[in-house]
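The structure under discussion appears below in the form of structure tokens.
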Amino acid sequence: MPNFKCKKINLSQLPFEQDGVKFIWCARGENVDLIFTCIEQERFFVQIKHDKNKNEWLVKGEKHTKPSQIGYLQKALLIFKENFAQDVISEAVALKHTRLLQKTSLIANDLRELLYKIQDQKEIYIEIGFGSGRHLLYQAKNNPNALIIGVEIYTPALEQVAKLALSQDIKNILLIKTDARLLLSILKSNLIDKIFLHFPVPWDKKPHRRVVGLNFVNECARILKSSGKFELRTDSFLYFDFTLNTFLNLPHLSAVVDKNKNLEISSKYEDRWKKQNKDIYDLSISGFEEKKEEEIEKRFAIETMKINDNDLLKINKKFKNEVFKYEDFFLHFENIYNIEDGLIIKIAFGAFYKPEHMYIKLSVDNVEFLFDYPFKTNENLKAIEKLREILSSHED
């Protein structure tokens, strides 16, 4: 991430604007200050960290609020250096945009970008762990009116498949590096037409590490349309049997089972297993029901909370770095910052395997999330309700 170091920082010019970059206000912490920054429609923090031993400042983007395009941060740091910094010691602001991940619209930078891009899609498929991309690209070619979302955890796989798609002029795919369980949990109900899970790591000796589990199955049932299908293809009978029984725990579902079925397209793993004369199992689940979207918007809102001057003083005085852990969620108060009209608190919360990191702003009669709103998952909802409970308790 771009950054620079200097000996002196002077923030007396705030608020400040130059060449479309706005530095609006400063939130002051114990050793770190945050500058609220705007470029175009992007909002983020420039972070200033003071090293008292060396008597120098490190200036960079705050990692949990960084803009969608790294060039915005680069531009902001250059302008900040020019107008607020003195005696620059070192800098690494210029970036080389060499990775495909930064260049193609076929790869979503994060889940919020993905949600924005799919909001008007009528037909959506998801492939979890697409690997070399043979099956994903096959589906994209044969279903030009559908958007094929590919989920992987390895960046090289995303870049390689994006290159293949571009070379074949395939535009109806959207790839993302994320945990599939998180992706499913944030999607709207009745949204997806098909979910493919082909040759997942079997974890025959460690079944708790499998993608498929009861929560995964429940999320698939929620997001798949009534006409939707879930498809598993695996060389592991144990994985096949486990998945079949887990899905059939839900009412109204039906299963179609095949063995050693020949498809028009096969993965490199399938080619390998066939050479070894291994059996290949196919499982297709259908019969999903129409679901009602839960009305949880109001339960996520924290803007209705009322804070007065005395509350702000108590929260600031009593604040400490503290974690509240529960069976399936947590809430972590990380840092507190002072601003002219109130407080900024950084928190982490939600599911243990994929936490949210956010800032909330507290001022008289106003509490709000800065930047983004949290994803509306069950774990996040529980954490927000705990946050509301704690912020509402101001008695000594």
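Below, all heavy atoms of this structure are taken into account, side chains as well, without hydrogens, waters or symmetry copies.
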Could you tell me whether the side chain of [Y] reaches within less than 4.5 Å of the side chain of [X], counting heavy atoms only?
X    : Y    : result
I336 : E30  : no
K22  : F16  : no
D311 : L391 : no
I79  : L77  : no
L11  : R28  : yes
L147 : I173 : no
F80  : I48  : yes
N335 : I347 : no

With rounding to the nearest 0.5 angstrom, report the [atom1] to [atom2] distance, [X] to [Y].
X    : Y    : atom1 : atom2 : value
K54  : K52  : NZ    : NZ    : 16.0 Å
L175 : I149 : CG    : CD1   : 10.0 Å
H64  : K66  : NE2   : NZ    : 9.0 Å
D258 : Y281 : CG    : OH    : 12.5 Å
E385 : I390 : CD    : CD1   : 12.5 Å
F230 : L224 : CZ    : CG    : 9.0 Å

Q: Run the numbers on D282 and K261 for salt bridge (Lys or Arg N to Asp or Glu O under 4.0 Å), then give the verdict.
A: CA-CA 7 Å; D282 279 287; K261 182 180 179 181; 5.9 Å; no

Can you tell me if [X] uses its side chain to pair, donor with acceptor, with the backbone of [Y] under 3.5 Å?
X    : Y    : result
D241 : F237 : no
N321 : E334 : yes
Q13  : N83  : yes
T234 : S236 : yes
E152 : G131 : yes
N172 : A146 : yes
N143 : N145 : no
N380 : K376 : no
E42  : P67  : no
R222 : L184 : yes

Q: For the residue pair F369 and Y373, categorise the inter-ring angle as parallel (less than 30°), tilted (30 to 60°) or perpendicular (more than 60°).
A: perpendicular

Pair [X] + [Y]: ring centers closer than 6.0 Å:
X    : Y    : result
F330 : F324 : no
F84  : F23  : yes
H332 : F349 : no
Y359 : F45  : yes

Q) Can you list every ring-ring contact (aromatic ring centres under 6.0 Å, His included) pair that touches residues 200-225, not counting sequence neighbours? A) none

Got a salt bridge between [X] and [Y], using NZ or NE/NH1/NH2 to carboxylate O under 4.0 Å?
X    : Y    : value
E219 : K291 : no
D204 : R210 : yes
K386 : E389 : yes
E113 : K117 : yes
K225 : E123 : no
E91  : K81  : yes

Q.
As a quick check of understanding, evaluate salt bridge (Lys or Arg N to Asp or Glu O under 4.0 Å) for E379 and K382, giving each step before the final call.
A. CA-CA 5 Å; E379 295 88 352; K382 293 176 182 178; over 6 Å; no

(Q) Does D179 form a salt bridge (Lys or Arg N to Asp or Glu O under 4.0 Å) with R181? I'd like the steps, not just the answer. (A) CA-CA 5 Å; D179 187 306; R181 295 169 297 177; 2.7 Å; yes

If you count the non-hydrogen atoms of other residues, nucleotides and ligands that lie under 6.0 Å from [atom1] in [X], is the total more than 12?
X    : atom1 : answer
Y154 : OH    : no
E322 : CD    : yes
K278 : NZ    : yes

Q) What are the two closest heavy atoms between I170 and A140, and how far apart are they? A) CG2-CB, 3.7 Å

Q.
Among N3, V46, V88, V93, which residue satisfies the side chain to side chain contact (heavy atoms under 4.5 Å, CB included) criterion with V59?
A. V46

Q | Verdict with reasoning, I360 to L370, per side-chain contact (heavy atoms from CB on, under 4.5 Å) | A | CA-CA 6 Å; I360 55 174; L370 288 176; over 6 Å; no

Q: With ring-ring contact (aromatic ring centres under 6.0 Å, His included) as the test, would you mind laying out the steps for F196 and H135 before giving the verdict?
A: CA-CA 9 Å; F196 301 104; H135 180 262; 4.7 Å; yes

(Q) Would K7 and W57 count as a side-chain contact (heavy atoms from CB on, under 4.5 Å) here? Give the steps. (A) CA-CA 6 Å; K7 285 292 186 181; W57 298 83; over 6 Å; no

Q: Identify, with sequence neighbours excluded, every residue that meets salt bridge (Lys or Arg N to Asp or Glu O under 4.0 Å) alongside E289.
A: none

**Q.** Stepwise side-chain hydrogen bond (donor to acceptor under 3.5 Å, both in side chains) check, Q168 with K141
**A.** CA-CA 9 Å; Q168 299 174 44; K141 289 179 182 177; 2.7 Å; yes

Q. With distance as the sole criterion, is a donor-acceptor pair present between the side chains of H50 and E56 under 3.5 Å?
A. no

Q. Just checking, any donor-acceptor pair under 3.5 angstrom between side chains of K63 and Q47?
A. no

Q | Worked check of side-chain contact (heavy atoms from CB on, under 4.5 Å) between L187 and L115 | A | CA-CA 8 Å; L187 294 174; L115 291 179; 3.9 Å; yes

Q: Report the C-alpha separation of L250 and F288 in whole Å, then their side-chain angles, then the decisive distance to 0.1 Å, and conclude whether the side-chain contact (heavy atoms from CB on, under 4.5 Å) test is met.
A: CA-CA 9 Å; L250 300 181; F288 298 97; 5.8 Å; no

Q: Report the C-alpha separation of D51 and K5 in whole Å, then their side-chain angles, then the decisive distance to 0.1 Å, and conclude whether the salt bridge (Lys or Arg N to Asp or Glu O under 4.0 Å) test is met.
A: CA-CA 10 Å; D51 187 329; K5 293 181 179 179; over 6 Å; no

